[in-house]
Amino acid sequence: QPLPDWAKPVNWPSARPWDLRNLDHARQDMCVQMHKNGVYVNQARVALLTDKFEGVAARLRTDLVDLAKSVGFKSKKAFNPGSTEQIRDLLYQSWDLGVPYGMEARDFYTETGLPGTGDARKFLLTLRQYRRVSTKVLGTQLYSLRPLADGGALHPDGRVRSTWNSHTTAPGRLSSSRPNMQNQSSRKDLGGVRSVYCAAPGHVLVGCALSSAPSVITAR
């Protein structure tokens, strides 16, 4: 069944039927071309940010190790903030994760041997920062920009080539993977990780926003 003419691109080939099947093929071809073209990466910027956040992660790790005993961590092994098992034991066994029914919070924390809620709160905030930096910023984003030979996604020409998918999201938007180009942090307090993606030397980036185009098309 033909699609409405008002949505037809001005450069659509006249010999090609304007229907859902051909539109879907065009979207898939666009995904293939985006993958082939890739996105240029400023490797000097990647190295700078990697060094920065490895230093942040090391500092937070030291703070967590120092705080561990004061919040009730008891183990023969040294505290490792990246250990899911140790964090689980601390939260669900040492702390029991909550106040039993009928008991005052101050009594509960006193019985566990905690010096007060201040250290516990600081510990959790520091743990959250550590996990965000080590897992999200370094693990998911910056370390994925290593060369292919080192297990990363960076091709020899200095570009990453994400896999774009047109059949994944319910609203009809594209999705991206390996790496996920739609999940790159824009937060300035995280060093502006998106800034590593830039125009290749001698080129410029031109952008446009379709805003709520999928919603408008669906409504019409």
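The analysis underlying the following values was restricted to heavy atoms, covering all of them including side chains, and did not include hydrogens, waters or symmetry mates. Just so we're clear, the structure is a prediction, and the values are computed from it rather than from any experiment.
A side-chain donor-acceptor contact under 3.5 Å links Thr62 to the backbone of Ala58. The main-chain N or O of Pro201 is found under 3.5 Å from a side-chain atom of His203 such that the two form a donor-acceptor pair. A distance-only check finds no donor-acceptor pair linking the side chain of Thr50 to the backbone of Phe53 [under 3.5 Å].
The environment of CZ in Arg178 is sparse: at most 12 heavy-atom neighbours from other residues, nucleotides or ligands sit within 6.0 Å.
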Inset, instruction - Test Leu3 against Lys8 for side-chain contact (heavy atoms from CB on, under 4.5 Å), laying out the working first. - result: CA-CA 8 Å; Leu3 295 169; Lys8 186 176 182 179; over 6 Å; no
Inset, instruction - For side-chain contact (heavy atoms from CB on, under 4.5 Å), just list the numbers for Tyr197 and Leu205, CA-CA rounded to whole Å, side-chain angles, deciding distance to a tenth of an Å, and then say yes or no. - result: CA-CA 10 Å; Tyr197 301 103; Leu205 292 177; over 6 Å; no
Inset, instruction - Apply side-chain contact (heavy atoms from CB on, under 4.5 Å) to His167 and Arg27, showing your working. - result: CA-CA 10 Å; His167 293 157; Arg27 277 171 53 90; 5.9 Å; no
Inset, instruction - Step by step, work out the side-chain contact (heavy atoms from CB on, under 4.5 Å) result for Tyr130 and Thr135. - result: CA-CA 8 Å; Tyr130 174 79; Thr135 303; over 6 Å; no
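Under the salt bridge (Lys or Arg N to Asp or Glu O under 4.0 Å) criterion, Asp157 pairs with Arg161, not counting sequence neighbours. Every residue two or more places apart in sequence or in another chain was checked for a salt bridge (Lys or Arg N to Asp or Glu O under 4.0 Å) with Arg159, and none qualifies.
Considering NZ of Lys52 and CG of Leu142, their distance stands at 10.5 Å, rounded to 0.5 Å. Met34 contributes atom CE, which lies 7.5 Å from atom OG of Ser162 (distance to the nearest 0.5 angstrom). The line from CD of Gln141 to CG of Asn180 is 9.5 Å long, rounded to the nearest 0.5 Å. Of the inter-residue distances, the one linking His25 atom NE2 with Asp19 atom CG reads 9.0 Å to the nearest 0.5 angstrom. Between the OG atom of Ser134 and the CG atom of Leu60 there is a distance of 8.5 Å, given to the nearest 0.5 Å. Interatomic distance, CZ of Arg59 versus OG1 of Thr126, reported as 8.5 Å (0.5 Å rounding).
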Would you tabulate the side-chain donor-acceptor contacts of residues 36-44 under 3.5 Å, counting partners in other chains and residues two or more places apart, or write 'none'?
from  : atom 1 : to    : atom 2 : distance (Å)
Asn42 : OD1    : Ala44 : N      : 3.2
Asn42 : OD1    : Arg45 : N      : 3.0

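For the residue pair Ala7 and Trp18, the shortest heavy atom distance occurs at O-CZ2, 3.2 Å. Of all non-hydrogen atoms in Leu64 and Pro81, the two that sit nearest each other are CD1-CB, 3.4 Å. Summarising the geometry of Leu154 relative to Leu145, their closest heavy-atom pair is CB-O, 3.5 Å, with the distance given to 0.1 Å.
Looking at Leu174 and Cys31, their side chains come closer than 4.5 Å, going by heavy atoms from C-beta outward.
If you check the side chains of Asn165 and Ser175, you find a donor sitting under 3.5 Å from an acceptor.
Cluster annotation: Leu148 and Val160 are assigned to distinct hydrophobic clusters (Ile/Leu/Val/Met/Phe/Trp/Tyr, side-chain heavy-atom contacts under 4.5 Å, transitive). Clustering ILVMFWY residues whenever any of their side-chain heavy atoms sit less than 4.5 angstrom apart, transitively, puts Val32 in a cluster other than the one holding Trp164. Val65 and Leu67 fall within the same hydrophobic cluster, defined by Ile, Leu, Val, Met, Phe, Trp and Tyr side-chain heavy atoms under 4.5 Å apart, directly or through other members.
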